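Keep in mind it's a predicted model, so treat the numbers as computed, not measured. In what follows, chains carry the letters A, B, and so on, assigned in the order in which the sequence lines appear, proteins first and then strands, with residues in each chain numbered from 1. Because only heavy atoms are used, hydrogens play no part in the values below, and waters and symmetry mates are left out as well, while side chains stay in.
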Protein chains: 2
Amino acid sequence: MRLSEGVEAAIHCAATLAGVDGGATMPGSALAEQFGVSPSYLLKHLNALTAARILESLPGPAGGYRLARPAERISLLDIVLAVEGPQPAFRCGEIRQGGPVKLPASAYAKPCGINAAMLRAERAYRAALAAEKLSDIVSEYLTDADPRSVAASCAFIAQRQRPQKPPSTKR
Amino acid sequence: MRLSEGVEAAIHCAATLAGVDGGATMPGSALAEQFGVSPSYLLKHLNALTAARILESLPGPAGGYRLARPAERISLLDIVLAVEGPQPAFRCGEIRQGGPVKLPASAYAKPCGINAAMLRAERAYRAALAAEKLSDIVSEYLTDADPRSVAASCAFIAQRQRPQKPPSTKR
DNA sequence: GGCATAATACTCGGATAAAGCCTGTCCGAGTTACGTCGG
DNA sequence: CCGACGTAACTCGGACAGGCTTTATCCGAGTATTATGCC
């Protein structure tokens with residue numbers, strides 16, 4: 001059982017974007033720089049989040065990414081499913097039918113009990129992930145993390161975010 | 001998120017071995033034949049189960065595999081961990097430290113909140129897997145599955161199991 | 001001086017190679033059962 | 001007839017290639033900004 005490396009980056013990016021002012025955006029290059037990962041590769045995952053309607057992307061010089069809805073309505077499950085895909089972790093290959101004894105298909109009408117048990121467990125996993133809201137992650141970070149780390153993150157966001165409405169961009 | 005293909009085979013094998021008489025064994029070739037998978041490859045996973053003290057292996061002409069303890073004390077979590085490894089699905093790469101701003105190590109003394117949240121969800125998953133006992137899987141199969149499938153499975157077990165007359169020598 | 005226009009620079013997006021893990025296969029070491037020989 | 005021995009066959013165990021998903025990278029399409037020329 002192994003999750004993609006990109007899930008971690010996607011969650012960190014979403015948490016960072018939750019800290020930008022409403023309406024402002026942050027380019028993918030800034031997010032990649034903050035975490036020291038490849039910009040081109042991070043775009044792949046950010047694109048997946050955009051396709052899942054979790055992020056919004058704006059092109060152009062003042063463009064970038066921002067959350068498509070408030071952080072209270074974004075759960076870790078949404079991000080994981082967007083990056084990893086909606087398929088369950090356990091995929092029943094129906095090996096019970098692969099034996100030498102060939103039974104009619106009607107004998108396998110009911111789903112495999114092992115598959116059902118694994119899906120029950122996975123449902124609990126997804127429920128736990130759905131309970132973890134992005135806003136809670138951010139709040140917990142702001143209160144529990146080291147003040148120096150929080151200050152550095154806020155400074156980075158304030159420096160690299162791009163406000164949308166004001167026409168004048170100084171730089 | 002994706003589990004190994006071998007997990008399904010391992011669980012099916014364990015469920016089959018739960019149906020053999022106490023003390024009797026079944027060779028890996030018979031298990032592979034029952035599910036139509038490669039015998040040599042199945043041995044890899046059966047070996048992992050043996051290393052995890054879930055199965056016992058007896059060499060020799062009348063040898064094979066059997067459960068190391070009653071099915072009531074074997075959970076799906078034990079099998080999954082044996083095949084997939086004990087590492088959690090989400091492995092924190094500490095990308096929060098990869099940015100250009102270098103803070104002293106003391107600023108990262110507390111664990112990453114995102115990692116903590118993911119591990120909380122995974123703990124729920126493992127708890128759900130631990131609640132699924134192998135004996136329950138077998139009981140559910142015997143009562144709910146199609147009678148033809150149950151009859152075929154029992155016939156296969158009775159035909160291919162190897163009773164162990166003398167007290168076995170543990171490996 | 002104001003407005004339309006064209007060049008510009010920055011952004012995202014998809015298509016393209018390389019690496020790592022999982023899958024699949026092979027052959028060798030070890031052990032037990034059986035047949036045979038000797039007592 | 002009984003016991004011990006040697007042979008043999010069957011088993012598991014670890015080491016060796018191939019396929020596929022994941023990771024990483026590059027270049028092209030699109031758009032708001034900006035400077036310029038015209039009115």
Minimum heavy-atom distance A:Ala82-A:Leu49, with the two atoms named: CB-CD2, 3.8 Å

Given DNA chain D, 5'-ward residue of the pair A:Leu3 and B:Pro27, judged by closest heavy atom: B:Pro27

For atom CG of A:Leu43 and atom P of C:dC10, their distance in whole Å: 16 Å

Phosphate OP1/OP2 of D:dT23 contacted by A:Ser38 side-chain N/O (<4.0 Å): no

Given DNA chain D, 5'-ward residue of the pair A:Pro59 and A:Leu42, judged by closest heavy atom: A:Leu42

Touch class at under 4.0 angstrom, heavy-atom based, for A:Ser57 against every strand present: sugar-phosphate

Integer-rounded Å distance: D:dG14 P and B:Tyr41 OH: 16 Å

Backbone of A:Ile74 reached by a side-chain donor or acceptor of A:Lys133 within 3.5 Å: no

B:Ser75-B:Asp78 side chain donor-acceptor pair, cut-off 3.5 Å: yes

Side chain of A:Pro61 - closest among C:dT25, C:dA9, C:dT23: C:dA9

Distance, rounded to the nearest Å, where B:Asn47 contributes CG and D:dC12 contributes P: 10 Å

A:Arg162 side-chain proximity, nearest of C:dG24, C:dT11, C:dC22: C:dT11

